[in-house]
Amino acid sequence: YVTKMRRYLQMAALNNIMGSVFGIRLDGEGEGRQVREMVEEGFELLGAFNWVNHLPWLRPLDPLRGYARCARLVPRVRTVVQRIINQHRQSPVPRDTTHSDFLDVLLSLQGHHNLHDDDIIAVLWEMIFRGTDTVALVTQWTMVELVLNEEMQGRAQVELEAVVGRDTSVRDEDISRLPFMQAVVKESLRMHLPGPLLSWARLCTVDVDIAGGMHVPARTKDMVNMWYITHDPQIWESPHEFRPERFIEQKVDVRGNDLRLAPFGAGHRVCPGKALGLTTIHLWLAKLVHHYKWIPSPQHPVDLTEVLKLSSQMATPLTGIPTTINNY
Ligand code: HEM
């Protein structure tokens, strides 16, 4: 039974974020299917290299049809999300119940803050775009390393068996008691950062002097090369080797408090989905290796080549073979 992981993980990630944001599932017809199509179109547009952006005089001709497709997508998104907003308004869920989704929370704030429906649409859509690919990618890259490192996969399984046992399923509250799994995820984030340059370029608004004697004049556009930092041999011993133990030996907080490894950025614009993203990734990985031993497919050898689209993707998606363990 051969599993091409990317498609499954992307669908699972999209379904997961849709549940958190709108309280809907994608497998159904109607709204779910429409949202899925629009998200796929959006990813395709954002991930494609549109060289016309660099030749502004060609824009009116729009040879790659990128601008025309965006212009069609935006009103579709607005209409569908507005309909979901209206449905939520008709049957509001109290904020403190466990059934409320992110949209319920934003609607409950509308009376107290100057929050328009267009703002809500923009915030929710950004969460969907930022929170889908990243989670699927980190899970896939971590599985790659575990498929290639049988011994580490075994260690993760031994830890799960000791902490969770054989006969129960992993739950989010178990994650804090899985230090080796946490170290595996940190090492995977270090080696395979979803956003090697963290974010879009930033504009420096004032003159700044930074450590090392560098002067950055106002109006400079800059990007953070986090990939370089996480592969710098002066910071990380043998940076190209997958060694989760380094995070058992030293404590590193990846949530923006340690600039040696800040895959979620840091400061004011740090990723607001970092806790949700990390919890989901740990839970999925734990579930995948708790129930199955994963081995590489002889027909589709693991290929570590990366390709930078919206995030850093695998050029050839992982194909793994799950074999049952623990009598599941
Ligand atoms: C492993 C998973 C994830 C990674 C590695 C990641 C990484 C990042 C990074 C690097 C940024 C840019 C930070 C900066 O500009 O300095 C960012 C921004 C953002 N992320 Fe995430 N993210 C992840 C998951 C998520 C999830 C699950 C959500 C939604 C629930 C989310 C929502 C956002 C949003 C809305 C922003 C924009 C924040 C702003 O512009 O102020 N992310 N993320």
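Order of appearance sets the numbers: ligands from 1, and atoms from 1 within every ligand.
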- [ ] Check whether any side-chain heavy atom of Val35 sits under 4.5 Å from a side-chain heavy atom of Ile84, and report yes or no.
- [x] yes
Task: N or O pair under 3.5 Å between Ser199 and ligand 1 - done: yes
TODO: Please say whether Thr134 places an N or O atom under 3.5 Å from an N or O atom belonging to ligand 1.
DONE: no
- [ ] Could you check Asn86 against Gln82 for side chain to side chain donor-acceptor pair (under 3.5 Å), going step by step and ending with a plain yes or no?
- [x] CA-CA 6 Å; Asn86 295 344; Gln82 187 67 58; 3.3 Å; yes
TODO: Using modelled atom types only, decide if a donor and an acceptor are shared between the side chain of Glu161 and the backbone of Arg166 within a distance under 3.5 Å.
DONE: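 No; judged by distance alone, with no hydrogens or angles, the pair does not exist.
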Open item on the list: If we ignore hydrogens and angles and just use 3.5 Å, is the side chain of Gln10 paired with the main-chain N or O of Thr132 as donor and acceptor?
Closed with: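 No, the answer is negative, given that no donor and acceptor are paired below the 3.5 Å cut-off.
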- [ ] Say whether Arg202 and ligand 1 are in contact under the criterion: heavy-atom distance to a ligand atom below 4.0 Å.
- [x] yes
Open item on the list: So is Pro263 touching ligand 1 or not, going by heavy atoms under 4.0 Å?
Closed with: yes
TODO: Given side chain to side chain donor-acceptor pair (under 3.5 Å), test Asp101 with His88 step by step and report yes or no.
DONE: CA-CA 10 Å; Asp101 47 57; His88 274 62; 2.9 Å; yes
Look at [atom] and say which protein heavy atom is nearest, naming residue and atom and giving the distance to 0.1 Å.
atom	value
atom 13 (C) of ligand 1	Arg269 O, 3.3 Å
atom 6 (C) of ligand 1	Phe264 CD2, 3.6 Å
atom 35 (C) of ligand 1	Glu126 CG, 3.4 Å
atom 34 (C) of ligand 1	Pro272 CD, 3.5 Å
atom 27 (C) of ligand 1	Gly131 CA, 3.5 Å

Open item on the list: Regarding atom 20 (N) of ligand 1: of the candidates Ser311, Cys271, Gly267, which has the closest heavy atom?
Closed with: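 Heavy atom nearest to atom 20 (N) of ligand 1 belongs to Cys271.
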Task: Identity of the nearest option to atom 12 (C) of ligand 1, non-hydrogen atoms only, from Met226, Met223, Arg130 - done: Arg130
Side chain or backbone of [X] under 4.0 Å from ligand 1, or both, or neither, by non-hydrogen atoms?
X	result
Ile281	side chain
Val138	side chain
Ile17	side chain

Identify, by atom number and element, the atoms of ligand 1 in contact range of [X], meaning under 4.0 Å from any of its heavy atoms.
X	result
Pro194	5 (C)
Met127	29 (C), 30 (C)
Leu276	30 (C)

Below 4.0 angstrom, N of the basic side chain to O of the carboxylate: do [X] and [Y] qualify?
X	Y	value
Arg78	Asp118	yes
Glu187	Arg243	no
Glu145	Arg190	no

- [ ] Evaluate the side chain to side chain donor-acceptor pair (under 3.5 Å) criterion for residues Thr220 and Asp222: first the C-alpha distance (whole Å), next the side-chain angles of each, then the deciding distance (0.1 Å), finally the verdict.
- [x] CA-CA 6 Å; Thr220 308; Asp222 54 67; over 6 Å; no
Task: From Leu137 atom CG to Arg6 atom CZ, the distance as rounded to the nearest 0.5 Å - done: 8.0 Å
Open item on the list: Before you tell me yes or no, could you show the steps for Lys293 and Glu150 under salt bridge (Lys or Arg N to Asp or Glu O under 4.0 Å), namely the whole-Å CA-CA distance, both residues' side-chain angles and the distance that decides it to 0.1 Å?
Closed with: CA-CA 9 Å; Lys293 178 177 179 203; Glu150 202 180 322; 3.3 Å; yes
